[in-house]
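Comments concern the structure below.
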Amino acid sequence: MPLSPSFVRAQFPALERDWVFFDNAGGSQILASVVRRLEEYLVGSNVQHGASYEVSTEASARVLQATEAMARLVNAADPAEVVMGPTTTMLLRILARGFARTLQPGDEFVVTNSDHESNIGPWVELAERGAIVKTWRLNPDSFALEPADLEALLSDRTRLVAVTHTSNILGTINPIREIARLAHEHGARVCVDGVAFAPHRRVGVQALEADFYALSFYKLFGPHHAMLWGRRQHLVELPGFNHFFVADDDVPYKFQPGNVNYELSYSMLGLSDYLEAFCEAHGKSSTASEPGLPLDFAFDAFAQHEEQLAERLLDFLSHKRKVRVIGSPKAARDVRVPTISFVVDGRSSADIVSKIDPHRIGTRYGHFYAKRLIDDLGLTAQNGVVRISMVHYNTVEEVDRLTQVLDGIL
């Protein structure tokens, strides 16, 4: 059954405005159900956790309920594997600090040149403590990370491979399971930045065979909040980032100094509410025998719809002589998400976006914190790329509105 745009868009209050939002990789619009859950927590249980009185125990139960829901979202084995925190950047820095405190001489780390800096910088900085940091470079012709190139970098001293699931510029979906298996053959762990992937496809950390996986809720239709998943054994083994008296096995709390933001964590139950309502509106009802149905069905529908959006935009760009798509020209859902970047020969990307802005279409230009990639591709001088990042609440009509504008600009 095709996705119903009218149902979907009714769940996002901001879409009532006469704006087209194509900067979703920078931050998506928020669900009404998330806002309701946020208000529900603040009005009904805005107290400190850990006390014996009823409202406090209810508040604790609510945050646990949300943590369990996010564990189901990524198919974690245990809710304790879900570390909620303020941003992906902060959570990855906390994780890297744990590795820093266990470094041995000669330990090696592999980063890519195509990740967001959040999953590069903290690992590169370990070189200041004696670690050896190697860079797995993108093939500039195919815009792909080649597993054979990674294999050449791995050794029995490799501690960790840091890689993005989906580039926030290229939109490419990387083969995480294959990457994880290569790393594990050398005894290394894998840390995946899933920020640009999670709004588009179901995350399944067990099937991916990853060790750590991070994502941001404000790009997943929620508030400015984030989560880091890690295998429980790994989280227990790593030094914590909390007070000295917090036990090593007290996860996720040992990685949440000052405690987690209660209301933002609880509000993400609104995402579960939405996915269940999406199923019902599209003729699917979850049952006890199919607990993952709302997630699988909804994200499959998102992918099908988004492929149509990507195909329409990529087809338009392919017919523009001076336009170069930075990433795969294919719209196939198993190859990319609908985050599409391009440059125009001889033109500043900033100039192009400035001409789109008056038409009430939100796009963006720049390096998007993947500055190493933009530098290596030689795109810095023209102010990086123009990025059109779509999600499932966007429509074909909105794409056509953009291409009509672009037709007069390019």
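Atom set for the values below is all heavy atoms of this structure, side chains included, hydrogens, waters and symmetry mates excluded.
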Please identify each residue that fulfils ring pair (Phe, Tyr, Trp, His ring centres under 6.0 Å) with [X], with sequence neighbours left out.
X      : value
Tyr369 : His116, His367
Phe245 : His243
Tyr262 : His49
His305 : none

For the CZ atom on Phe299, are there more than 12 heavy atoms of other groups (residues, nucleotides or ligands in this structure) within a distance under 6.0 Å?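 For Phe299, atom CZ is crowded (more than 12 foreign heavy atoms under 6.0 Å).
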Would you say CD of Glu146 has more than 12 non-hydrogen atoms from neighbouring residues, nucleotides or ligands within 6.0 angstrom? yes
Pair listing, salt bridge (charged side-chain N to carboxylate O under 4.0 Å, His left out) test, anchored in [range], at least two apart:
range            : result
residues 335-347 : Arg347-Asp351
residues 104-117 : Asp107-Arg157, Asp107-Arg159, Glu108-Lys134, Glu117-Arg372
residues 293-316 : Arg201-Glu306, Arg202-Asp296, Glu307-Arg333, Arg312-Asp400
residues 258-270 : none

Who are the side chain to side chain contact (heavy atoms under 4.5 Å, CB included) partners of Gln65, not counting sequence neighbours?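 If we apply the side chain to side chain contact (heavy atoms under 4.5 Å, CB included) test to Gln65, skipping adjacent residues, the hits are Tyr266, Leu269.
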Can the ring centres of Phe21 and Tyr393 be said to be less than 6.0 Å apart? no
Show the atom names and distances, to 0.1 Å, of all donor-acceptor pairs under 3.5 Å that link a side chain in residues 122-130 to residues at least two apart or in another chain.
from: Trp123; atom 1: NE1; to: Asn119; atom 2: OD1; distance (Å): 3.1
from: Glu125; atom 1: OE1; to: Arg93; atom 2: NH1; distance (Å): 3.0
from: Glu125; atom 1: OE2; to: Arg93; atom 2: NH2; distance (Å): 3.1

Close side-chain approach of Ser267 to Tyr41, heavy-atom, < 4.5 Å: no
Return all side-chain donor-acceptor pairs below 3.5 angstrom for residues 161-168, not counting sequence neighbours, or 'none' if the list is empty.
from: Thr164; atom 1: OG1; to: Thr166; atom 2: N; distance (Å): 3.3
from: Thr164; atom 1: OG1; to: Thr166; atom 2: O; distance (Å): 2.8
from: Thr164; atom 1: OG1; to: Asp193; atom 2: O; distance (Å): 3.4
from: His165; atom 1: ND1; to: Tyr213; atom 2: OH; distance (Å): 2.8
from: Ser167; atom 1: OG; to: Ile169; atom 2: N; distance (Å): 3.1
from: Ser167; atom 1: OG; to: Leu170; atom 2: N; distance (Å): 2.9
from: Asn168; atom 1: ND2; to: Phe368; atom 2: O; distance (Å): 2.9

Arg72 and Glu276: CA distance, side-chain angles, deciding distance, salt bridge (Lys or Arg N to Asp or Glu O under 4.0 Å) verdict: CA-CA 13 Å; Arg72 288 191 296 274; Glu276 290 177 6; over 6 Å; no
By side-chain hydrogen bond (donor to acceptor under 3.5 Å, both in side chains), which residues pair with His184, not counting sequence neighbours? Asp211
Verify, without hydrogens or angle tests, whether Lys219 (side chain) and Ala25 (backbone) share a donor-acceptor contact under 3.5 angstrom. yes
